[in-house]
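The structure appears below as structure tokens.
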Number of protein chains: 4
Amino acid sequence: MTLAAEVGYAGLTIEGIAARAGVGKQTIYRWWPSKADVLLEAGAVKADRYVSVTDHGSYRGDLRAFLEASYELGNLPQLAEVLRALMAEAQLDTEFGDRFRAAFLDRRRDALAVITSRARDRGDLPDRPDMATVADIVFGTIWYRVLATREPLTAGLADDLVGLLAPAEGPR
Amino acid sequence: MTLAAEVGYAGLTIEGIAARAGVGKQTIYRWWPSKADVLLEAGAVKADRYVSVTDHGSYRGDLRAFLEASYELGNLPQLAEVLRALMAEAQLDTEFGDRFRAAFLDRRRDALAVITSRARDRGDLPDRPDMATVADIVFGTIWYRVLATREPLTAGLADDLVGLLAPAEGPR
Amino acid sequence: MTLAAEVGYAGLTIEGIAARAGVGKQTIYRWWPSKADVLLEAGAVKADRYVSVTDHGSYRGDLRAFLEASYELGNLPQLAEVLRALMAEAQLDTEFGDRFRAAFLDRRRDALAVITSRARDRGDLPDRPDMATVADIVFGTIWYRVLATREPLTAGLADDLVGLLAPAEGPR
Amino acid sequence: MTLAAEVGYAGLTIEGIAARAGVGKQTIYRWWPSKADVLLEAGAVKADRYVSVTDHGSYRGDLRAFLEASYELGNLPQLAEVLRALMAEAQLDTEFGDRFRAAFLDRRRDALAVITSRARDRGDLPDRPDMATVADIVFGTIWYRVLATREPLTAGLADDLVGLLAPAEGPR
DNA sequence: ATTTAAGCGAGACGGTACGTCTCGTCTTGAA
DNA sequence: TTCAAGACGAGACGTACCGTCTCGCTTAAAT
């Protein structure tokens, strides 16, 4: 990731990774099928450590915590750079795309599913939208800002989403 | 686009494009700075023709029409493939990213802004979320499905979004 | 040939040749199928320039002149080194062997054949051995010294061969 | 030698030899410094067994027997292939060249020297050419045919050489 | 009607990274 | 303790494209 930050993903080469690691090219090829997989392993480990799904007593609280933790991650410039590169590579190389989905995207969806399932069990979850759409909205906005607008993920956005997806009980 | 469909974007080369066009490489370089820009010109033209922003009398109606038209586009396999490639390239090549944003992404946001502005003028627009967040949600979900889950953009998703962003007046 | 002299044929690489020539690898591959062919072209040109087949009036005189010129060539350390490498490569790569035979070995035999044919026409050529065997002996001894014993090709050897293959008329 | 016959000397690797022998690479390296030395050991053993230097009563007879035995060996396709490879390797790797000379080439010269020495003691040896040149001619023609023309070593060639080097007494 | 010049196809060029191969050394684990 | 199995650092291989650069041929305008 240090090297990626220095030269950018486009300038990253297997040859360069090997040289920086003080290692033969073959050793890289022995363990990872492409430079994207090298980064994926680094990125996945890093992301996994972060976002927790501790119980905050309510869907609203859980969702807000999840969003805040996720946004914090997405706002780390170095990690965001890696995520952009991985998502790009996933479009260009179908097989890597499958691995990326399995190792990263699906795991993040599963983490969110823990929260929505808990809410459903608690009777806390609105009828609509269903869990899948919630995930599409939550992750869609994150990725859209990371990939397309490159604007930071703000607390205001989190407020808006919590307001939409887990409306306060009172006003009803 | 025919060639891109045959060999995939990853397999696309300027050399190949020139050969297919029966043209010297230099001629391609004379007119476009990269292979992505060649596709961008093809893709942008195509997408512009589609989505209209005709007035349907209500924010709800306008939004539903916009979503349906956009989803239809995003569900065209060949166009989706090109969009995936362009978004990928935009991550790898910053300068192309700027051109892509200007020539495509911002224009789609502008189209949606026509609708939300009209709703605001009409007094039809909910207080929250604001126009920018609406755009993030609308385009975020589209791109997320195109890039990440690769699932089709369904009428159900449109229903959910319309329900959230432009709730029916009645039940309130 | 300068580079070959510096690093030895075993240390010669296409990569190195290209670098020394200030040229891309592909340019070497475009014109020669292997590093041996590069050297062959240089060596063949060099060798062709040397050995003449001028008429000296007698088979004895022609043969002695041919041997002396050939030995002089074979005693040039740099050229001998190249010839060793080419003969070696010819054993390892059959296809190069064919090219080597056509471009070098056969041409040297043809040069000698000019001399023996002239002698035959003149009635100067002994009955035995025939022209083919003469060539085998002449070139065999040269190559054997170059490849196997690495001893210089001396005037004494030339004396011996001339004595055997073109005996003086007198003593008969 | 079986493996060498299958893949050719160029395709022979230490890795392959070890695999075929069901042995670790290190074990090969422990006993031989290169793949050529492995073959040399096999080849030298084989060639030593053949050519004898039994006394046939005359230089002429001894020489003819030596040539015939040597030619028979050189006409064995599999052995010739190995000899070609060893001679090639000797050109590329100087250190192996020294070992090859000592273990093979010099021993064959020594064998011929037994014959010429015997002839000299017997007063049977012509004044010219001397023993060294005889060896150069005998082995030169063999190697030249094996390496360069790849033509078989025929009885006719033996006749020519015997006629030149050990002329019949009568006609004088 | 002849000359001139621009535009273009073709593709050679200097580079760079690819993914593969084999080298000779080093490490590991089972017998 | 030995040794097969094979990971390792190293570096050349031959290929694919990159973006730049000549080349001639065509074609249309200017003479």
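All chains are named by letter (A, B, ...) in the order of the sequence lines, taking the proteins before the strands, and each is independently numbered beginning at 1. Quick caveat, the model's predicted, so the values are computed rather than measured.
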Next on the checklist: Using a strict heavy-atom distance below 4.0 Å, which residues from residues 24-31 of chain B are in contact with DNA chain E?
Outcome noted: B:Gly24, B:Lys25, B:Thr27, B:Arg30

Next on the checklist: What verdict does the side-chain contact (heavy atoms from CB on, under 4.5 Å) test give for B:Trp31 and B:Val38, after you've listed the backbone C-alpha separation in whole Å, the side-chain angles of each residue and the deciding distance to 0.1 Å?
Outcome noted: CA-CA 9 Å; B:Trp31 296 102; B:Val38 178; over 6 Å; no

Item to check | Donor-acceptor under 3.5 Å (A:Arg84 side chain, A:Leu147 main chain) | outcome: no

Item to check | Short N-O contact, C:Asp98 and C:Arg101, less than 4.0 angstrom | outcome: yes

Checklist outcome for this item: What one should report as the nearest heavy-atom pair of C:Gly74 and C:Val146 is O-CG2, 4.4 Å

Checklist entry - CZ of A:Arg150: more than 12 outside heavy atoms within 6.0 angstrom? => result yes

Next on the checklist: For B:Glu41 versus B:Trp32, what's the shortest heavy-atom pair and its separation?
Outcome noted: OE1-NE1, 2.8 Å

Checklist entry - What distance do C:Met87 atom CE and D:Tyr144 atom OH have between them, rounded to the nearest 0.5 Å? => result 7.0 Å

Item to check | NZ or CZ of A:Lys35 within 45° of A:Tyr9 ring axis and under 6.0 Å | outcome: yes

Checklist entry - Considering the terminal five base pairs at each end of the helix from E:dA1-F:dT31 to E:dA31-F:dT1, what angle separates the two local helix axes, rounded to 10°? => result 10°

Next on the checklist: Show the nearest heavy-atom pair for residues B:Leu105 and A:Ala148, with the distance to one decimal.
Outcome noted: CD1-CB, 3.8 Å

Next on the checklist: With salt bridge (Lys or Arg N to Asp or Glu O under 4.0 Å) as the rule and sequence neighbours excluded, what pairs involving residues 4-15 of chain B come up?
Outcome noted: B:Glu6-B:Arg20, B:Glu15-B:Lys25

Next on the checklist: Using the salt bridge (charged side-chain N to carboxylate O under 4.0 Å, His left out) criterion, which residues pair with C:Asp93? Sequence neighbours excluded.
Outcome noted: none

Checklist entry - Got a sec? Which of residues 3-23 of chain D come in under 4.0 Å of DNA chain E, heavy atoms? => result D:Thr13, D:Ile14, D:Glu15

Checklist outcome for this item: Heavy-atom nearest nucleotide on DNA chain E taken for D:Pro33 and for A:Pro33; more 5' hit belongs to A:Pro33

Item to check | Pairwise side-chain contact, D:Glu89 with D:Leu40, heavy-atom cut-off 4.5 Å (strictly under) | outcome: no

Next on the checklist: With heavy atoms of chain D within less than 4.0 Å as the criterion, where does contact along DNA chain E begin and end?
Outcome noted: E:dT22 to E:dC26

